[in-house]
A.B. asks: 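The structure follows.
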Amino acid sequence: MLGLRRDRLLTLLLLGVLLSADLYFHLWPQVRVQLRPRGGPGDCSCPVSAADPSAPPPDPATTTTSRPGGAAHNFSQLRPSEQSDEPDGRSTGRPGLSKLQSLFAHPLYSALSEPPLQGPEDTLLSSQEALRYYLRKVARWNRRHKIYKEKLNQTSPETPLQFQHEASWVQFQLGINRHGLYSRSSPTINKLLHDMRHFPTISADYSQDEKALLGVCDCTQIVKPSGVHLKLVLRFQDFGKAMFKPMRQQREEETPEDYFYFIDFQRHNAEIAAFHLDRILDFRRVPPTVGRLLNVTKEILEVTKNEILQSVFFVSPASNVCFFAKCPYMCKTEYAVCGNPYLLEGSLSAFLPSLNLAPRLSVPSPWIRSYSLAGKEEWEMNPLYCDLVKQTYPYNSSNRLLNIIDMAIFDFLIGNMDRHHYEMFTRFGEDGFLIHLDNARGFGRHSHDELSILSPLSQCCMIKKKTLLHLQLLAHPDYRLSDVMRESLLEDQLSPVLTEPHLLALDRRLQVILKTVEGCIQIHGEQNVVTTELSEHSSPNSDQADLAS
C-alpha cells in the first residue's frame, strides 16, 4: 500500500510540474498580450526576428497584409529603427534592414526627391468626372446582370453591386500622375495587390481586341501551332478589373533557340516579375500585377456570361478542367490550358482607366522588329540609324527618346524582344512617360542576352542621369539586383516566381548595360551621354540624386 501511495504522489507531482510549465510558457504570454494596452510601446503585430530580440516592432503604417510566410513592403521610405534583420542574415547597406528595405530607404527612392505635382494638369483623372463615370458603369452592370438572371429564370435574390470610391482600384486610377502609374509613397498598391489576390470574381470575358477578331476568324484556316497566348478579363466583387494570363509552361522551361520571338509563349510569371523589376528600377510604368491560383470552374466558367467562352471548356482525359481560345490564336483543344484538376496559376494585371476617361496614344517603336521570317528593319543594318531618329519629331524636342531608351533597358533586363508599340497618356503631352504594357514574353531564355534589344542605347549613346544612378546602385553588392528581386518576389502567392538562373541573369545583363554606357562615355564624353530630363531642370530636388554616386 505504501508503494502505491508513493506512485500516486509522484504522478501528482509530475502533473503539477507539467501544468505549471504549460501555464508559464503558453497561457501566461497570451494573458499578457490581452492585458497589454493597445497601441502602447509593447504592442507588436508581427513576430520579432529571433536574431535580434530587442529590435522594435515595425510601424503599422508600413505593413500590409500578404500571404503567410511572405514579407510585405510599403513602397515608401523606411526607417532603420523600425525594421528587423533580413531572414537569411545577408549583410545590407544599412544595419537592421534587408536589402530591399535598404534600397527603398535610399535617398534615390525618397519621396522628397520626386518632383512635386504642380496642379490638376499633372494628374491623369478628374476625381469628380471619374467617380460619376464609374457610378454609371456600376448601375449599367446591375441592370444587365438583372436581365441576364431573368433570362435564365434565376430568381435567387442578390444585392446589387454598390460602387465604393475608396476601393483600391479606384484609388490606384485616381493616383496616376505625370511621374508614373503610382507614387513612391502610395499605400494603395499593396492594398490593390491584396485585393486582386483574394477578392472573388463576379464575371469573366474575352478582352475587347479578341472580341473584335472573333467574327473574322475561321478556325478551319487559321491555326498557329505555338498557341501564342490566351487571356481573359476578370471582374472582382469591388467592380475592379484585371487581365488574367494563365500559366502556359513551367518556370524552368526555356524558349527553344529556334523559336521566333513572335511565336513564343506568353508567360504569366514574366508579367509578375516585370512589375516587381519596374518598381525596383523606380520606373513605375508597369500596372500592378500579382499571381493567383484560380478555380477555373467557379471563378471563370460559372461567372461568365459569354456563351463562346462557356463553349470552350471541357474535361480532359486526365479529368482536368481545361479551356482554350476559340480565335484568333488557338482553335484546337490540344492548345488549351488545364487546371489541376481545376486550379490554375495565372497573373492578374490591374486595368488602367477607361479610354473614355484617359485616352492613350499607341505609337510604333522606331526600333520595331520585322515580323517576317527573313526580313530586317533599317535599324538592324544601319549603325547610324539613331541620327535619323533624333531629327524626327517628337524625338528631336522632348523626353520621348530618353523614355524609349529607358524602355529598351527594361526590356533587355527581362529579355523581351516583342516591343513593337508603346503607349502613353495623351493628357501628359510629348514628355509623358511610356507605359510598359504586355511583358509576358520576357524571361524566356536566361542563358542568352539579346544585345539587339539595347540598340536604342548603344546607337544613341544617351541615358537619363536618374536611370544611370539607379542602375549603378543596383550593381552595388549591398543592393544587388538579383537579391532585391528575389526578396521582392517572395511577396507573391506564386513564389518562387523566377528560377535562380533568371535572377542571376539580371546581374549579368545589368553589367552589360553599364559597360555599354561606359563605352559611350569614352567616345562621346559624359556630358553628352548622361542627360537630365527636361522636367528635372526646374526641380529643386533633382540634385539629391547625386547622393547615390
Side-chain angles (χ1 to χ4, degrees), residues 75 111 113-127 129-130 133 171-186 188-189 274-275 277-279 281-289 349-368 386 389-390 392-411 416 419-439 456-457 460 462-468 470 531-539 541-542 545:
F75 192 55
S113 65
E114 189 172 52
L117 301 178
Q118 301 298 324
E121 67 278 2
D122 282 349
T123 57
L124 180 65
L125 299 179
S126 164
S127 297
E129 180 186 0
Y133 176 82
Q171 295 306 310
F172 160 63
Q173 294 189 4
L174 293 178
I176 299 174
N177 60 60
R178 182 177 297 278
H179 307 310
L181 292 178
Y182 50 91
S183 301
R184 294 190 187 108
S185 57
S186 171
T188 302
I189 302 306
F275 162 68
L277 177 63
D278 173 85
R279 185 170 62 171
L281 292 170
D282 198 32
F283 287 156
R284 291 168 285 135
R285 300 167 195 169
V286 174
T289 306
S349 299
F351 260 58
L352 297 176
S354 167
L355 294 176
N356 295 322
L357 287 174
R360 300 198 299 267
L361 189 66
S362 180
V363 183
S365 170
W367 280 267
I368 189 173
C386 187
V389 176
K390 288 179 180 178
T392 307
Y393 178 83
Y395 306 107
N396 59 354
S397 59
S398 67
N399 290 326
R400 188 81 64 88
L401 184 55
L402 288 171
N403 288 335
I404 286 179
I405 292 171
D406 275 354
M407 186 169 62
I409 289 171
F410 175 74
D411 283 336
N416 178 27
R419 188 75 69 184
H420 44 79
H421 284 70
Y422 60 84
E423 293 192 23
M424 54 191 302
F425 295 111
T426 58
R427 179 174 177 83
F428 299 138
E430 302 295 354
D431 286 326
F433 62 89
L434 310 187
I435 311 169
H436 296 173
L437 293 173
D438 199 6
N439 306 293
L457 172 62
C460 298
M462 296 170 58
I463 188 172
K464 291 179 187 176
K465 178 181 179 181
K466 170 190 166 185
T467 301
L468 180 59
H470 278 86
T531 307
T532 302
E533 290 183 85
L534 297 178
S535 60
E536 291 182 353
H537 287 298
S538 59
S539 172
N541 298 311
S542 59

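Only heavy atoms go into these numbers, but all of them, side chains included; no hydrogens, no water, no symmetry mates. In this text, all values refer to a predicted model and were calculated from it rather than measured experimentally. When a residue number appears, it is its place in the shown sequence, counting from 1.
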A.B. asks: Taking all non-hydrogen atoms of both residues into account, name the closest pair between Phe172 and Ile189 and its distance.
C.D. replies: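 Looks like CD1-CD1, 3.9 Å.
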A.B. asks: Take Phe433 and Asn399 through the side-chain contact (heavy atoms from CB on, under 4.5 Å) test and state the conclusion after the steps.
C.D. replies: CA-CA 9 Å; Phe433 62 89; Asn399 290 326; over 6 Å; no
A.B. asks: What's the separation between atom CZ in Arg178 and atom CD in Gln118, rounded to the nearest 0.5 Å?
C.D. replies: 9.5 Å
A.B. asks: With rounding to the nearest 0.5 Å, note down the distance linking OG1 in Thr426 to CZ in Arg360.
C.D. replies: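 Here the interatomic distance stands at 10.0 Å.
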A.B. asks: Checking side-chain contact (heavy atoms from CB on, under 4.5 Å) for the pair His421/Ser365: CA distance, chi angles, key distance, verdict?
C.D. replies: CA-CA 5 Å; His421 284 70; Ser365 170; over 6 Å; no
A.B. asks: Yes or no on side-chain hydrogen bond (donor to acceptor under 3.5 Å, both in side chains) for Tyr182 and Thr188, after CA distance, side-chain angles and deciding distance?
C.D. replies: CA-CA 9 Å; Tyr182 50 91; Thr188 302; over 6 Å; no
A.B. asks: What I'd like to find out is whether the side chain of Trp367 reaches to under 4.5 Å of the side chain of Cys386, using heavy atoms alone.
C.D. replies: yes
A.B. asks: Can you see which heavy atom on Leu174 is nearest to which on Ala130, and at what distance?
C.D. replies: CD2-CB, 3.9 Å
A.B. asks: Should Leu434 and Arg400 count as side-chain neighbours, where that means a heavy-atom distance under 4.5 Å?
C.D. replies: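 Side-chain contact under 4.5 Å: yes.
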A.B. asks: If you round to the nearest 0.5 Å, how far is CG of Leu117 from CG of Asn177?
C.D. replies: 4.5 Å
A.B. asks: Does any part of the side chain of Leu401, heavy atoms only, come nearer than 4.5 Å to the side chain of Val389, both counted from C-beta?
C.D. replies: yes
A.B. asks: Got a salt bridge between Asp406 and Arg285, using NZ or NE/NH1/NH2 to carboxylate O under 4.0 Å?
C.D. replies: yes
A.B. asks: Charged N to carboxylate O under 4.0 angstrom, Asp438 versus Arg419?
C.D. replies: no
A.B. asks: What's the spacing between Leu124 CG and Leu357 CG if we round to 0.5 Å?
C.D. replies: 8.5 Å
A.B. asks: Please round to the nearest 0.5 Å and tell me the distance separating atom CD1 of Ile176 and atom CZ of Phe425.
C.D. replies: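 Ile176 atom CD1 to Phe425 atom CZ measures 4.5 Å (nearest 0.5 Å).
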A.B. asks: Check whether any side-chain heavy atom of Ser397 lies under 4.5 Å from a side-chain heavy atom of Glu430, and answer yes or no.
C.D. replies: no
A.B. asks: Check whether any side-chain heavy atom of Glu423 sits under 4.5 Å from a side-chain heavy atom of Leu437, and report yes or no.
C.D. replies: yes
A.B. asks: Output yes when a side-chain donor or acceptor of Ser127 lies under 3.5 Å from a complementary backbone atom of Leu125, and no otherwise.
C.D. replies: no
A.B. asks: Indicate yes or no: does Asp278 engage Arg284 in a salt bridge with an N to O separation below 4.0 Å.
C.D. replies: no
A.B. asks: What verdict does the side-chain contact (heavy atoms from CB on, under 4.5 Å) test give for Asn403 and Tyr422, after you've listed the backbone C-alpha separation in whole Å, the side-chain angles of each residue and the deciding distance to 0.1 Å?
C.D. replies: CA-CA 10 Å; Asn403 288 335; Tyr422 60 84; over 6 Å; no
A.B. asks: If you define the side chain from C-beta out and look only at heavy atoms, does anything of Leu181 sit under 4.5 Å from Pro287?
C.D. replies: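 Touching, per the 4.5 Å side-chain cut-off.
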A.B. asks: How close do Asp122 and Phe428 get, counting heavy atoms only, and between which atoms?
C.D. replies: O-CE2, 3.7 Å
A.B. asks: If you look at every heavy atom in Pro120 and Arg427, which pair is closest and at what distance?
C.D. replies: O-NH2, 2.9 Å
A.B. asks: How close do His470 and Lys466 get, counting heavy atoms only, and between which atoms?
C.D. replies: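 Taking every non-hydrogen atom into account, ND1-O, 2.8 Å.
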A.B. asks: Anything under 30° is parallel, anything over 60° is perpendicular, the rest tilted; go ahead and classify His436 against Phe283.
C.D. replies: perpendicular
A.B. asks: Are the side chains of Lys464 and Ile405 in contact, using a 4.5 Å heavy-atom criterion?
C.D. replies: no
A.B. asks: Would you call Thr531 and Ile463 a side-chain contact if the rule is heavy atoms closer than 4.5 Å?
C.D. replies: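 Side chain of Thr531 against side chain of Ile463, heavy atoms only: no contact under 4.5 Å found.
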